[in-house]
Structure formats: C-alpha cells, structure tokens
Amino acid sequence: MTSIDDTPAGPALSSLRRARDRFLGGRPPGDGVPEDLAQAWRRARFFGVPRDLTAPPRVRPPVDPPLLAAARPALDRVAPTLSGGMGLVLVDSRCRALWSGGGRYAGTSADVAGLDLSEKAVGHNSAALALRTGRRAEVHGPEHFLDLWQEVSAVSVPLYEPAAGRPAGAVTVVAPLAEDRTAHPGAAIAEATAHAVETELLGRARPPERLLLDAYLRQRADGAAVVALDGSSRLVSPEAARLLSHETLTRLERRATALVRDADTGQEGARAGAPAENTGPEGARSAPPEENAGPEGAHTATPEAIAAPEEFAVPEEFAVPDGAGLTVRMSRLTHGGEVIGAVATVCPAARRARAAERHDHDRLPGLVGTSRPWRLAVSGAMELARSAEPLLLIGEAGVGKTALARALLTLRGSAAPRVVDAAEQVPGEVPRWCHALAEREGGGPPLLLRHAERLAQSDVAALLSLLERRPAVPLVATHTPGAPTGPCLSRLLDILSARSVALPPLRERVEDIPALLTAFTGHPSPGRPPLTWSLDTRRALEQHTWPGNVAELAHVVREVAERRRATGPVRREELPYGLRVPPATRRLSGMERAERTAILEALRRHGDNKARAAESLGIGRATLYRKLRAYGMDQA
C-alpha cells in the first residue's frame with residue numbers, strides 16, 4: 001500500500017494489526033481494511049505462504065545480471081548515506097534479491113543474493129507490489145503477511161528498461177516501523193536512486209536498442225499509432241493497442257523477427273543473387289512490384305529498396321484484418337548496414353482517402369483530433385451536413401458538440417447562424433425564428449440550438465409545427481442525454497434523431513490529448529513561459545476519466561498556465577489534485593464513488609491542503625488520509 005502523508009498512524013496500524021490477527025485466525029478482517037490489502041492477504045494464503053517464515057526462501061540467483069552492473073555505482077554511493085537503521089535492496093524483474101546495503105533491519109541476512117521476495121514466496125511486500133503495478137509502493141508493518149516483517153516499513157520504486165518499457169527490477173528502502181507516521185522516510189531516497197539507476201541503464205543500452213527507442217519516440221511524438229519491434233521485445237503505443245488485436249501484434253512480431261533473421265543470413269534478394277519474394281506479415285506471396293501498385297500509382301516498396309542502408313529504410317505496406325481500411329506501414333530500422341528491427345505505423349489503407357479526410361478536416365475550423373472514434377463521428381456529421389436538413393449532435397457535456405456544429409455550418413457556406421442556448425431560457429427566440437422561416441419560403445439564417453434537452457414547452461411546440469410544414473429546415477441542435485424529457489420533447493428528439501451523430505467522450509479518444517494540449521496552450525501571455533508537458537504528466541492526463549471531457553481539459557490547461565511560474569515541462573505535481581491521483585483500482589459502490597468525488601472536490605477547492613479539506617468535510621485529518629489510501633488516492 002502506498003502512503004505519502006505524514007499524519008500520526010498509531011491507531012491505523014493498531015487496527016491493521018487486529019485485522020491481520022482476525023484474518024490469520026480464519027475470520028474476516030473487517031470493514032476497515034482496504035480491499036486490495038485484504039486480497040493480497042488472501043493470495044498469500046492461497047499460495048500457502050507460512051506466516052511464521054524465519055527467512056525468505058532462496059532461488060538460483062542470475063549470473064552477472066546486467067541490472068546489478070548498472071545499478072552498483074548508484075547503490076554504492078547511496079548506501080553509506082543511509083541512517084536510522086535504513087537499508088537498501090535491489091531486486092530483479094522476478095523479485096529475486098540481487099544486492100543489499102546500508103543499515104541492519106529485521107528479516108534480512110547479510111547475503112541477500114538469491115532471496116525470493118515474490119508474492120508467491122513471502123506474501124504481500126512493497127517490491128512485489130511495485131513490480132506488479134509499475135509505480136512506487138509502500139508497505140508498513142502489519143500490512144505485511146509475514147510475522148518476520150511486522151516491525152519493518154518498506155518503499156519500493158520500479159526500474160524500467162530503456163528500450164522495452166517494462167520493469168527490469170525495483171529499488172527498495174527498508175526501515176524500522178515508526179508508529180507515529182505512515183509516510184516512509186526513505187521514499188525520496190528510493191525515487192532518486194531509481195532515477196540514477198535508470199539513467200545508467202539508458203547509458204549502457206546498446207546502440208541498436210537506443211536507435212529503436214528513439215525511432216519509436218519520434219513516430220510517437222505526433223500521436224501516431226506505433227509499434228516498435230526487434231524480434232525479442234516490442235513497444236506498443238496506446239493508440240496501436242486500441243486498433244490492433246493481440247493476434248495482429250503477434251504477426252508483426254514474427255515479421256520483425258523474420259526481417260532481422262533474413263538480414264543476418266543474407267536472404268535479401270539482390271545480395272543472394274536472386275529476386276526476393278514480397279511477403280506480407282503471414283508469409284503469403286503478393287503481387288510482383290509492377291503489379292502491386294497502391295492508389296495514386298504508388299508502388300509498394302520491394303525488399304531490395306527496403307534494405308537500403310539508412311536509419312529508416314523505405315517502408316512496405318500491407319493490410320491487417322483488424323478493421324476495414326486499416327493498413328500497417330512497416331519500416332526496417334538499420335544500423336551499420338544491419339537490420340536491427342522495425343517500426344510499424346497503423347494507417348488507413350487508401351492514401352487518397354487519407355488525403356481527402358485530411359483535406360476535409362482542414363476545412364472544419366476549430367476541430368482538433370485524429371483518433372478513429374473522433375474521425376468517424378466528424379465524417380458522419382459532414383456527410384449529413386451536406387444537405388440543409390435538421391442535424392442532431394449527441395454527446396456528454398463538453399465533448400465539442402457546439403464547436404462541431406459551428407464548423408459544419410461554416411462548411412455549408414450559409415449565412416451566419418442564429419445561436420440560441422436553451423439552457424439560458426431566453427423566451428421567444430425559437431418561436432420567432434420558426435415564424436420568420438415559415439414566412440420566408442426563400443429561407444433564412446440557420447439555427448444553432450444548444451442544449452435541446454432544456455427547451456421550454458413553447459419552443460418545442462414551435463419546432464414541431466415548423467417541422468411538420470417544412471421537414472428540411474436549416475437546424476443544427478445539440479443534445480446532452482441524461483435529463484428527463486416530457487412526451488413533446490421526446491417526440492421532437494425522435495424526429496431529429498433520424499439524422500443524428502453521437503460524439504465520443506474524451507476518455508474514448510485519449511490519443512487526441514497531445515494535440516488538444518497543443519491547441520489549448522497556444523501562445524503564452526507576456527512574461528509567462530510556454531507550456532510543454534512531461535511524459536509522466538501526459539500519462540496522468542490519459543488515465544483521468546474526464547467527466548467534463550474536452551471542456552474540462554481546456555479548463556485544466558488554463559488553470560495550470562495561470563498558476564505556474566516555473567520553466568520546463570509541466571510535471572504531474574503541478575496538475576490539480578484530481579488529475580494527479582490514479583483511477584480507482586477496484587469497483588466502487590455508489591456511496592464510495594460519491595465520497596471519493598467529494599474528497600477530490602474538497603482538495604481541489606482548498607488547493608490540495610489536506611487539513612483544510614478534512615475540516616470542510618467534517619472529518620479528522622487522520623480519517624482523510626485513511627480514506628485516501630482506501631481509494632488509492634494517496635500517491636498524488
């Protein structure tokens with residue numbers, strides 16, 4: 001369990017001790033125990049971990065592990081500085097201890113090499129938790145399953161491989177348990193040590209691994225769906241993971257392996273003295289180059305061209321079965337004349353369709369986004385907007401319905417629309433427009449009607465009457481579902497729904513967040529630094545559920561821009577509290593969701609000051625910290 005607060009924790013630890021004793025005695029631990037901790041105890045019991053284990057079991061340690069070689073300089077610098085009985089431990093990706101140093105602490109011998117600290121061997125502990133979740137984890141005293149570690153507090157930070165994007169191990173700082181606090185005193189040391197080790201790992205990475213990582217990051221910079229592969233590992237962007245199935249990713253991996261193997265064995269057409277076959281990801285022979293022409297007369301690259309000695313060689317392109325209109329453009333990555341891997345980019349099949357789609361997007365001002373859900377919604381709306389008939393845009397609050405409506409009316413080339421917001425309850429606006437349009441058979445300005453669900457009865461009646469007389473009226477309406485509707489309004493919405501488009505919420509198009517951030521950032525005001533966003537910050541933004549959608553994201557960007565004075569990329573710590581915390585790790589009841597939302601709102605309202613937030617909620621600060629841990633909100 002992760003903790004970062006500094007409030008007294010004696011009662012909390014005492015209650016956890018009692019809950020652990022009840023659990024080990026065969027009784028339920030009680031309602032005060034977080035569900036993730038109770039599940040960890042249950043897993044330990046399922047694995048058959050003995051609570052009275054005197055020492056962790058040993059397994060065969062790896063021989064000269066690269067992780068230890070890279071970490072040793074940093075560990076040797078940090079260990080002598082530890083005080084208060086704190087110790088330092090390094091584990092690999094299988095949670096096998098590789099090294100220890102620093103002060104003495106309960107439960108560990110001097111020779112830790114080969115100790116098995118996995119959950120199956122010793123139950124709940126910070127190293128296993130950090131490797132499983134991929135983020136910093138703390139486990140204190142009675143949260144451990146073993147009696148051996150009841151007086152030990154530990155914090156672990158995962159170490160990521162530079163080219164594989166997966167944890168290579170973890171750095172753990174352990175200390176004697178302190179009853180007067182829960183935040184681990186060595187948390188900052190663990191974070192700094194992990195950063196130093198990761199920097200060393202990156203510096204020791206082989207040039208091919210660095211090239212593959214750099215190529216992936218370059219292609220990823222503009223939000224593209226990218227997969228980088230070298231035959232043994234792969235980097236998959238979130239966009240590619242959403243578009244491609246596991247089976248297709250496996251095929252791409254086999255293809256990358258074949259590219260490297262064929263290059264190593266000299267089976268590359270001209271070098272072998274014979275024409276090479278143009279094979280797709282499944283090894284099926286395709287048409288010869290002169291017959292394999294794409295749209296606009298562009299030929300798919302031959303293997304001879306693909307093997308050109310450049311960092312990125314000419315790509316080959318082939319269709320995938322995951323969805324209509326999807327292709328993969330795979331570029332071989334070469335270094336020193338050798339193929340070291342491939343970078344695959346997912347793209348629509350027809351270049352002409354891509355160009356037309358991009359051209360259409362250029363004609364719709366104010367719209368940002370290239371994700372598949374957003375493009376499908378915009379394309380559907382544009383198709384319907386080609387005729388001057390009613391159009392209904394449906395979606396959650398803040399998804400961009402009004403922006404799309406204005407862009408569509410601009411596309412029609414009609415006169416400036418009359419904009420009416422039904423939420424503002426301006427009497428007579430809609431009936432006046434209906435009357436003017438009915439009187440002028442030649443037409444009039446279109447109507448942009450916002451919040452159709454808030455229409456007054458007289459407005460609904462006027463619109464129904466006009467639609468009966470003239471079904472093809474220039475009307476674009478927006479509707480946010482959720483509010484109860486009467487029979488007349490339901491009838492109006494039913495009529496308009498015949499020509500309607502549903503816009504996706506932001507949580508379904510998170511790949512558009514980088515582009516939206518760029519659009520919302522714009523040019524900084526005088527005296528303020530330009531906004532850029534760190535990778536960790538973007539990850540936090542992509543994990544947020546965005547109940548307010550794009551409008552909420554725009555508000556966050558404005559708030560950050562107004563408050564910050566620092567230079568450099570925006571860090572996670574600079575985001576509002578509700579965005580710094582990860583989403584709930586378990587399914588919450590309705591009451592729990594309401595309580596979690598209330599806590600987040602109180603923290604936001606009081607500038608993340610926990611003491612004032614607890615006071616406004618009418619609870620003690622220790623209670624607030626306990627609830628933050630229970631809801632997985634204590635890492636912000």
Side-chain angles (χ1 to χ4, degrees), residues 360-368 377-483 485-503 548-551 554:
D360 284 340
H361 271 73
D362 292 341
R363 294 170 57 194
L364 292 180
L367 300 185
V368 177
V378 172
S379 298
M382 290 175 59
E383 187 64 30
L384 292 175
R386 298 187 189 281
S387 60
E389 297 181 51
L391 176 60
L392 181 65
L393 302 179
I394 305 171
E396 299 177 6
V399 296
K401 301 186 293 293
T402 299
L404 177 57
R406 292 182 183 275
L408 293 173
L409 290 172
T410 301
L411 178 65
R412 283 179 175 177
S414 54
R418 177 181 293 185
V419 181
V420 175
D421 192 341
E424 297 177 356
Q425 297 293 321
V426 179
E429 278 291 308
V430 172
R432 277 195 292 271
W433 178 81
C434 293
H435 177 74
L437 196 64
E439 292 296 322
R440 287 181 293 180
E441 292 297 330
L447 176 65
L448 171 50
L449 176 61
R450 303 183 62 207
H451 302 108
E453 69 280 358
R454 304 286 295 275
L455 282 169
Q457 188 71 21
S458 58
D459 297 337
V460 175
L463 285 171
L464 287 173
S465 177
L466 178 63
L467 288 171
E468 288 179 359
R469 296 173 56 187
R470 296 183 57 184
V473 296
L475 165 66
V476 178
T478 70
H479 171 50
T480 304
T485 57
C488 292
L489 180 56
S490 296
R491 181 186 170 199
L492 174 63
L493 293 176
D494 287 342
I495 294 174
L496 296 178
S497 65
R499 289 172 47 83
S500 64
V501 174
L503 273 62
N549 294 293
V550 178

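Between Val419 and Arg406, the closest side-chain pair of non-hydrogen atoms falls below 4.5 Å.
Atoms CG and CG, on Leu391 and Leu409 in that order, are 8.5 Å from each other to the nearest 0.5 Å. Rounded to the nearest 0.5 Å, atoms NE2 (His435) and CG (Leu466) are 11.5 Å apart. Between atom CG of residue Leu463 and atom CH2 of residue Trp433 there is a gap of 7.0 Å, rounded to the nearest 0.5 Å. Leu384 contributes atom CG, which lies 9.0 Å from atom CG of Leu408 (distance to the nearest 0.5 angstrom). The line from CZ of Arg469 to CG of Leu464 is 13.5 Å long, rounded to the nearest 0.5 Å. Here Ser500 contributes atom OG and Leu493 contributes atom CG; the two are 10.0 Å apart, rounded to the nearest 0.5 Å.
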*Going through the distances and angles, do Leu489 and Leu492 end up as a side-chain contact (heavy atoms from CB on, under 4.5 Å)?*
CA-CA 5 Å; Leu489 180 56; Leu492 174 63; 4.3 Å; yes

_Checking Leu475 against Leu496 for the side-chain contact (heavy atoms from CB on, under 4.5 Å) test, could you report, in this order, the C-alpha distance in whole Å, the side-chain angles of both residues, the deciding distance, and whether it holds?_
CA-CA 10 Å; Leu475 165 66; Leu496 296 178; 4.2 Å; yes

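Pairing each heavy atom of Val476 with each of Ala405, the nearest pair is CG1-CB, 3.6 Å. Across every non-hydrogen atom of Glu389 and Ala472, the tightest pair is CG-CB, 3.9 Å. Gly398 approaches Asn549 most closely through the heavy-atom pair O-CB, 3.4 Å. The two residues Leu467 and Pro390 make their nearest non-hydrogen contact at CD2-CG, 3.9 Å. Between Ala502 and Ala377, the closest heavy-atom pair is O-CB, 3.8 Å. Residues Gly380 and Val501 share a closest heavy-atom pair of C-CG2, 3.9 Å.
Residue pairs that meet the salt bridge (Lys or Arg N to Asp or Glu O under 4.0 Å) test with at least one member in residues 422-431, sequence neighbours left out, are Glu429-Arg432.
Judged by distance alone, with hydrogens and angles left aside, the side-chain atoms of Lys401 form a donor-acceptor pair with the main-chain N or O of Gly395 at under 3.5 Å. Proximity of a side-chain donor or acceptor of Ser465 to a complementary backbone N or O of Ala461 within less than 3.5 Å is not detected.
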Only distances under 3.5 Å count here; give the side-chain donor-acceptor pairs of residues 445-456 to other protein atoms, sequence neighbours excluded, each with its distance to 0.1 Å.
| from | atom 1 | to | atom 2 | distance (Å) |
| --- | --- | --- | --- | --- |
| Arg450 | NE | Thr402 | OG1 | 2.9 |
| Arg450 | NH1 | Asp421 | OD2 | 3.3 |
| His451 | ND1 | Asp421 | OD1 | 2.7 |
| Glu453 | OE1 | His479 | ND1 | 3.3 |
| Glu453 | OE1 | Thr480 | N | 3.0 |

